Number of protein chains: 2
Amino acid sequence: MELTNKHITVIFKALCDENRVQIVRLLQNGEKCACKLLEALQCTQPTLSHHMKILCDSGLVVGRKEGKWMYYSISADGTEEAVNVLRELTKVGISESGGCCCK
Amino acid sequence: MELTNKHITVIFKALCDENRVQIVRLLQNGEKCACKLLEALQCTQPTLSHHMKILCDSGLVVGRKEGKWMYYSISADGTEEAVNVLRELTKVGISESGGCCCK
DNA sequence: ACGACATATTGACAAATTTCAATTTGTGTG
DNA sequence: CACACAAATTGAAATTTGTCAATATGTCGT
């Protein structure tokens with residue numbers, strides 16, 4: 001599979017915002033409905049909805065609809081992929097000869 | 001050690017920008033001087049300098065000054081910490097009972 | 001000390017992101 | 001069907017981020 005810079009940024013943009021990091025932490029002890037997240041966070045419902053969209057788009061979180069409620073949880077597949085992407089991206093390969101391009 | 005949401009965002013903000021992701025990829029085959037990065041990227045020198053600062057602040061990249069040149073490379077320690085942080089953050093613990101808070 | 005060069009910093013502007021109020025969509029219940 | 005409720009979408013304002021031109025800082029060679 002290809003791994004564009006764009007795709008990589010989508011994954012890590014999810015964790016660029018303190019509120020979203022907090023949301024992930026809240027999901028660490030299991031699936032939670034949106035309203036529970038909403039009362040834990042200090043933001044409005046549309047703002048939470050926006051953050052959840054970004055988290056879901058990144059693949060780190062998955063949503064499950066049940067009636068009028070929305071349940072969110074950490075995606076094992078998504079987070080594993082994120083760790084792999086981060087490891088791949090920061091893996092150092094064949095070291096080139098040093099020296100500067102400028103004379 | 002403590003691990004604030006703020007600290008976590010600093011790490012992952014580094015990988016939020018396509019140019020910075022590209023820079024990390026360029027560093028994968030060894031240390032590079034700023035001017036070499038500059039000719040690979042399509043941006044001005046101040047912009048590159050700005051991105052390098054963010055990458056260094058995140059700990060993922062380290063800089064080494066040699067004369068008038070600046071050499072950058074991927075930090076093994078920094079990237080290992082980033083992977084650990086990501087794994088810690090996305091680790092699912094004791095699953096709580098399901099159900100919605102709303103009646 | 002002076003000039004040339006590499007990098008960093010400053011200031012300004014454009015683009016993207018975060019946030020909320022208002023509204024819409026979707027779902028279940030009386 | 002009408003109402004109530006949960007979540008998503010829209011649109012606008014405030015903030016943050018990315019970018020560049022201009023300038024400053026630091027280093028080397030003459």
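Residue numbers start from 1 in every chain, and the chains themselves are labelled A, B, ... in the order their sequence lines are given, proteins ahead of strands. If you're wondering where the values come from, they're calculated on a predicted model, not measured in any experiment.
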message = Once rounded to the nearest 0.5 Å, what's the spacing between atom CD of B/Q28 and atom NZ of A/K91?
response = 8.0 Å

query = So how far is it from A/R64 CZ to A/W69 CH2, rounded to the nearest 0.5 Å?
reply = 11.5 Å

request  = May I have the step-by-step check of side chain to side chain contact (heavy atoms under 4.5 Å, CB included) for A/M52 and A/L55, ending in yes or no?
outcome  = CA-CA 5 Å; A/M52 297 321 293; A/L55 282 168; 4.2 Å; yes

task = Run the numbers on B/V62 and B/S73 for side chain to side chain contact (heavy atoms under 4.5 Å, CB included), then give the verdict.
result = CA-CA 6 Å; B/V62 284; B/S73 57; 3.6 Å; yes

inquiry  = If the cut-off is 4.0 Å, is B/H51 near the phosphate of D/dT19, judged by side-chain N/O to OP1 or OP2?
reply    = yes

ask   = Would A/Y71 and A/K32 satisfy side chain to side chain contact (heavy atoms under 4.5 Å, CB included), going step by step from the backbone distance to the final call?
value = CA-CA 5 Å; A/Y71 291 89; A/K32 285 207 169 48; over 6 Å; no

request  = Remember a base hit wins even if backbone is also touched, and classify A/C16 as base, sugar-phosphate or nothing at under 4.0 Å, heavy atoms.
outcome  = nothing

Write down the distance between [atom1] ([X]) and [atom2] ([N]), rounded to a whole number of angstrom.
X     : N      : atom1 : atom2 : answer
B/K32 : C/dT7  : NZ    : P     : 14 Å
B/L15 : D/dT17 : CG    : P     : 15 Å
B/K68 : D/dG26 : NZ    : P     : 16 Å
A/K13 : D/dT16 : NZ    : C1'   : 13 Å
A/E39 : D/dA7  : CD    : C1'   : 16 Å
B/N19 : C/dA16 : CG    : P     : 13 Å
B/W69 : D/dT25 : CH2   : C1'   : 17 Å
A/F12 : C/dT17 : CZ    : P     : 17 Å

request  = Could you give me the CA-CA distance, side-chain angles and deciding distance for B/F12 and B/L86, then say whether side chain to side chain contact (heavy atoms under 4.5 Å, CB included) is met?
outcome  = CA-CA 9 Å; B/F12 296 113; B/L86 181 55; 3.8 Å; yes

remark   = In numerical order, the residues of residues 54-66 of chain B whose heavy atoms come under 4.0 Å of DNA chain C are none

request  = Among the candidates C/dT19, D/dG18, D/dT17, find the nucleotide nearest to the side-chain atoms of B/D17.
outcome  = D/dG18

key: Considering all heavy atoms, the nearest B/T90-A/I74 contact   = O-CG2, 3.6 Å

ask   = Are side-chain N/O atoms of A/R25 and B/N5 paired as donor and acceptor at under 3.5 Å?
value = yes

message = Quick check: do B/V24 and B/L60 have side-chain heavy atoms less than 4.5 Å from each other?
response = no

Write out a two-atom table: protein N or O, nucleotide N or O from nucleotides 8-11 of chain C, distance below 3.5 Å.
| residue | atom | partner | partner atom | Å |
| --- | --- | --- | --- | --- |
| C/dA8 | OP1 | B/Y72 | OH | 3.0 |
| C/dA8 | OP2 | B/S49 | OG | 3.0 |
| C/dA8 | N7 | B/Q45 | OE1 | 3.4 |
| C/dA8 | N7 | B/Q45 | NE2 | 2.7 |
| C/dA8 | N6 | B/Q45 | OE1 | 3.0 |

